[in-house]
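Structure first, then comments.
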Amino acid sequence: MRSTKLEVRELSKVFRTVEGREILALKDINLEVLDGELLCILGSSGCGKSTLLRIVAGLEQPSAGDVLINGRPLTGPGPDRGMVFQEHLLFPWRTVRQNVEYGLEVKGGPKTARAQECLSMVGLENSSEQYPKELSGGMKQRVGIARALANDPAILLMDEPFASVDAQTRSDLQAMLLTIWWGTRKTILFVTHSVEEAVYLADRVILMGSGSGHIIDTVSVDLPRPRYRVSPEFNDVRRDILKRLGFLTGE
Amino acid sequence: MRSTKLEVRELSKVFRTVEGREILALKDINLEVLDGELLCILGSSGCGKSTLLRIVAGLEQPSAGDVLINGRPLTGPGPDRGMVFQEHLLFPWRTVRQNVEYGLEVKGGPKTARAQECLSMVGLENSSEQYPKELSGGMKQRVGIARALANDPAILLMDEPFASVDAQTRSDLQAMLLTIWWGTRKTILFVTHSVEEAVYLADRVILMGSGSGHIIDTVSVDLPRPRYRVSPEFNDVRRDILKRLGFLTGE
Amino acid sequence: LDKIRIGYMPILPSAHEFIAAEKGWYRELGVPVEEIRFSSGPPIVQAFAAGQVDVAYFGIGPALVSVAKGIKAKVVASGVTEQLAVIAVNSFADQYQKEPNRKAFLQFAKAKGRPLKIATFPPGSTPNVMLRYWLDKLHVDPVKDVEILSMGASGVRLAVLSQKVDATMILEPIITIIRHSPIPYRIVVYGKQILPGQPGSILFVRQSIIDERPDIVEKLVHMHLKATKILVEKRDEAAGIISRKIGPEALPVKVARESLDSKALHWVANPHAIVDGTMTYNRFQVKLGTFKKGVDPKDLFDFRFYDRVIKAHPEYKGY
Amino acid sequence: MKGNPVLGISRLGRTVVQCTSVAGFLGLWEGLVWLGLFPPYLLPAPTAVATTFVDQIGNGNIPRLLGYSLRHYALGLIWGVSLGVLLGLCMAWSRQLELVLDPIIALLRPIPPLAWIPFAIIWFGITTQAAAFLISLGAFYITLYSTYGGVKGIDWRLVDVARTLGDQSNWGIIRRIVIPAALPAILTGIRTSLGQGWMTVVAAEMFGIQGIGLKMLEAAGLLSMDVVMAYMAVIGLVYFGIDHTFRTVEDRLLRWR
Amino acid sequence: MKGNPVLGISRLGRTVVQCTSVAGFLGLWEGLVWLGLFPPYLLPAPTAVATTFVDQIGNGNIPRLLGYSLRHYALGLIWGVSLGVLLGLCMAWSRQLELVLDPIIALLRPIPPLAWIPFAIIWFGITTQAAAFLISLGAFYITLYSTYGGVKGIDWRLVDVARTLGDQSNWGIIRRIVIPAALPAILTGIRTSLGQGWMTVVAAEMFGIQGIGLKMLEAAGLLSMDVVMAYMAVIGLVYFGIDHTFRTVEDRLLRWR
Ligand SMILES: Nc1ncnc2c1ncn2[C@@H]1O[C@H](COP(=O)(O)OP(=O)(O)OP(=O)(O)O)[C@@H](O)[C@H]1O
Ligand SMILES: Nc1ncnc2c1ncn2[C@@H]1O[C@H](COP(=O)(O)OP(=O)(O)OP(=O)(O)O)[C@@H](O)[C@H]1O
Ligand SMILES: [Mg+2]
Ligand SMILES: [Mg+2]
């Protein structure tokens, strides 16, 4: 049996706005992620998906509850967790290679070979000297993934990484991600608000309620890979999830 | 039988880049749109969809061929055709109401009542004094539609109007568009690169080849409205279109 | 003391400095000399206050300002007296010749629809004070009856030569330069008609130098007298030096030579000779409100050096 | 997540810290003068400056001289800004005009306004016009290029939108689209001109034109540095007021941003 | 679809039009002088200015005086820019420092650099330092606020990214994220300082400090307006060169934009 890589226990997060109002972004979240699992977190806008990921990344302090990694509590951001952002957030003044080298530079030691290796994984070995502005949206996301991979983190946190690219590119990136996941066996937390994307990628899908900041359901996706988006089985899972999310009540 | 509203005959468009290279954006396009028809133009990025719409709007001159409206050749932009853009392109210095009033202001005469009427059609009667920056993406698109409707154009040209809003808002906007279309019986040319969107909305779908700038196929969608996105019939049409576009050859 | 900084202006009252520099007399001082050029008296006062100037050739006006503001320095010799003149556009000069009083000003203002514009150095400078003294004597209101514009030497020349002002209270060589230009301006009054014995330029030395190196100060006063003698007796030679120093394009030798003959120049080195005039001048400054109270001659003059040099070199007696 | 982490400090706390900071600065300065480290003609005490300031208001000097200076300023700005905005619009709109005028302006622009002082005097004399000319030069270049850049940089797709809504005439498009879209840039240009113009006023007056600048220089010649500083305070306060007022107007005009 | 419609005009055509335009301007000016409408001291002919220009280079005046002016300029900029950037960074980074310093700087900033002339002279005399002080004042405020604004306005999410990549120390973040991200704003501040500083040099020298500015004023006093204009040309050319060079450097440093 696979071990637990990441555990979230009774996690809550309250934000205080400048006017002093309190926003409950997460409420009593409990979650266990197995080593090597590809977990999708699905929910509509504002349900707290990003907040959860930022807490796991160590960028935000929880208001209550714990996050354990390999059973040890979290202390802050660290190179054991890599994060990929929706807005790509590349460093625009660095070339593709220099972006990927960032984490290695901070750590010290050799960097070029490892950067080149990560760029190959995302199929960008030939664009290493370009600046982010010269890349298409899809390429930028690839660099973001390579940059997160460079530190060889055990956990990859991905916050709607493919939300702002067009449909074709999106499906290419999804396929690429699966290949990388297969090759490296990383634990991946993948946030999305596309049901189709979650069903295509995930071992398990966590459904978050809209606006309430808690987990309403968990769905295991047992379809064999590679999955086929227009197959009836795929459509069944998609329909099941939409129903659990409350979208198909009118039917 | 319904009359022909818009006819496109042997239309071609060649762009000349600054370096002097020629780009063939459209090639021998032939198209007939019936009065009151909702026609979707489907194709991937760069296939010339926007160019076609801009020519019909009168913003661009064709290199060859004609566009006829009610049998009369086109002379330039005019209030008989309203256009809605993907990037919403609201006038940021005008309030919602002032945006909608723009065309009426140019024409002269009364404007407030008509603007209010159009805003009601898109469900924004209560936001008329807000500035665009205060609106969500979905609301901005609604204003764009109301603005195009204000002149009461016979033809509505919509260039991927819902491409940059989230899934939930998108389906709301689609439903709203159908209601408006039903109520006003306008002829609508709707550009999209989402197969699902085309199948949900269209009477007929024009498929454009990727990068070639010509029409590869035409599909009539005979499903009754309201259509139901996860029904097997819907999935069949979707699958059929994907196949014609060459996406499912690997199956 | 590692160097002496001497401030001067590109006008004739600084001629002693030009001669001393050109003739290489400064080498005798035993310390290096740095010459610093200024466009009018007030900036030298500021530089003096800033400790950037040790010895200055400027007017009695700035000297009084400095001492009144508590700067420790003394007048050790006089330079010129009665060196000023008022130059004005011919129409005013004619009027003034007929009626040398306030009426001339009022007539001019009536004819032109605006008061007479007079350019001069900034407040605190000798020309400015003497202009006001003149107007005061004539009961002319310096605010309502005329417009006084204050600027540096270049500004005055530019304004007068391009005929943007109607009159100026100014000193040599600008007087001669203006008389040489084709513009329709001429001299209206000379300084001595305004205030007989009016003190003009002086040699001003920082107290710390007087205390530490009286020998240097004595040498400076000696040079000053030697230069005075040349200015009076060898005007051709002096004109050459002055023209070179001010700049031949600004002051051709011919004009320099002529200005040395000007009626607006009286080379007087004896500081005793200007004490009375200075006190009159100072009382007027108090009246103007520049100072709250007058300056004590003891705080302003140091006659020792002049007296000692004259004793040792009786040939300079009379300068 | 914009701005760096905010210390937990209240609005009141901020004001207190700010006042303390200014008070500390003034106190230190006063102390230095009291200790007699500097003679008052090198560094007048803040209290002396304050007294002089009140005196100069009392005797009417400040209102009178400020009146002159503001006159120079207003005249110069009105000319410079109107010409700059107008020509900027024309140059951005008409390619021909741009081609002809741009090289001439590019030739003259690197000469800073204050370098024109000799010509200002010789052309206009020691007058209001001379000062206004210098100020208008600076304002002209700044607003010309900011307007030009603003118009060139507008989202030209909005013009397409206007055309599909039936707006066909050049003047309609300029009035309804180009000017409002370029307004932020134009206003920034005007604001910059306000700053540079004020500096030019003070400097130009030092060449003999009646106003605050000349008064400062005259006072400096008399070593009355307390007067100089009182007028520096006037200059600072007036500029602060002008800038603040303009920003309020700007925010109001651009509240849609 | 950016920029307004381009006339079909080639690169060569542009150059020809531009040259014609400048030539026409100079020709018109020369013609006006020839017609004798203006005495040469009101408007010297371009040919006269050109001759004088060559003369003044030949007799060594231009190189010598330009040397002085550039010295004032360089010294002032180095001081002003270094202090401005440093303090701007510190104030944007440390909330405490910002609270203490901001009110004092806000108090002093509205006083334009040239209003400090009397104090510059009384503190430093008619010296290089006085000119450098005035120039550095302007450069200081400009770079301080542009750096401060640049740092405040950076995308702070990039700091989050750096932290997830293991960058924890303040200094690491400042060096690797804050400075490069704020560099465009910092460079804009420096470029603005270059312009204002050059204007300040010329103006400051008119108060008696050796250099181009003083020479212009002296020549004006002699009504040698051709000399004045020759030096205006020097000022323009040098500024053009400086600005051009800096823009090249800037483009190079920001080629990632
Ligand atoms: N720094 C913050 N201060 C205050 N409120 C915040 C902050 N960050 C997030 N929130 C609030 O917390 C809630 C959850 O935000 P979060 O960004 O996690 O949502 P999300 O699920 O990622 O949404 P989306 O799909 O739009 O990215 C929202 O209501 C949001 O407004
Ligand atoms: N003004 C122009 N100048 C030169 N080429 C152009 C111009 N406008 C469009 N093109 C080219 O014409 C082709 C078709 O462009 P068009 O914008 O019509 O595509 P599209 O189908 O709307 O794509 P998308 O889905 O990305 O909006 C593209 O290759 C594009 O680069
Ligand atoms: Mg999110
Ligand atoms: Mg398009």
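Just so we're clear, the structure is a prediction, and the values are computed from it rather than from any experiment. Every chain is numbered from 1, with letters handed out A, B, ... down the list of sequences.
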Checklist entry - Picking from E:L165, E:T164, E:D160, what satisfies side chain to side chain contact (heavy atoms under 4.5 Å, CB included) with A:M83? => result E:T164

Next on the checklist: Heavy-atom count check: over 12 atoms from other residues, nucleotides or ligands less than 6.0 Å from E:F240 CZ?
Outcome noted: no

Item to check | Contact winner vs chain E - A:L157, A:T95, A:V106, A:N151, heavy-atom pairs under 4.5 Å | outcome: A:V106

Next on the checklist: Quick check on A:K27: does its NZ atom have over 12 non-hydrogen neighbours (other residues, nucleotides or ligands) under 6.0 Å away?
Outcome noted: no

Checklist entry - What part of A:E87 gets closer than 4.5 Å to chain E, counting heavy atoms only: side chain, backbone, both or neither? => result side chain

Item to check | More than 12 heavy atoms from other groups under 6.0 Å of CH2 on E:W256 | outcome: yes

Checklist entry - Which pair of non-hydrogen atoms, one from A:P79 and one from E:G166, has the smallest distance, and what is that distance? => result CD-CA, 4.5 Å

Checklist entry - Heavy-atom distance under 4.5 Å to chain A: side chain of E:I177, backbone, both or neither? => result both

Item to check | More than 12 heavy atoms of other groups within 6.0 Å of A:Q61 CD | outcome: no

Item to check | Side-chain heavy atoms of E:V161 within contact of A:R147, under 4.5 Å | outcome: yes

Next on the checklist: Could you tell me if the side chain of E:I179 sits less than 4.5 Å from the side chain of A:W93, heavy atoms only?
Outcome noted: no

Item to check | E:Q168 and A:P77, any side-chain heavy atoms less than 4.5 Å apart | outcome: yes

Item to check | Test log, rule side chain to side chain contact (heavy atoms under 4.5 Å, CB included), inputs A:F91 and E:R176 | outcome: CA-CA 10 Å; A:F91 305 120; E:R176 276 185 289 252; over 6 Å; no

Item to check | A:L90 versus chain E, the contacting section by heavy-atom distance below 4.5 Å | outcome: backbone

Next on the checklist: A quick test of your reading: do over 12 heavy atoms of other residues, nucleotides or ligands sit less than 6.0 Å from CZ of E:R71?
Outcome noted: no

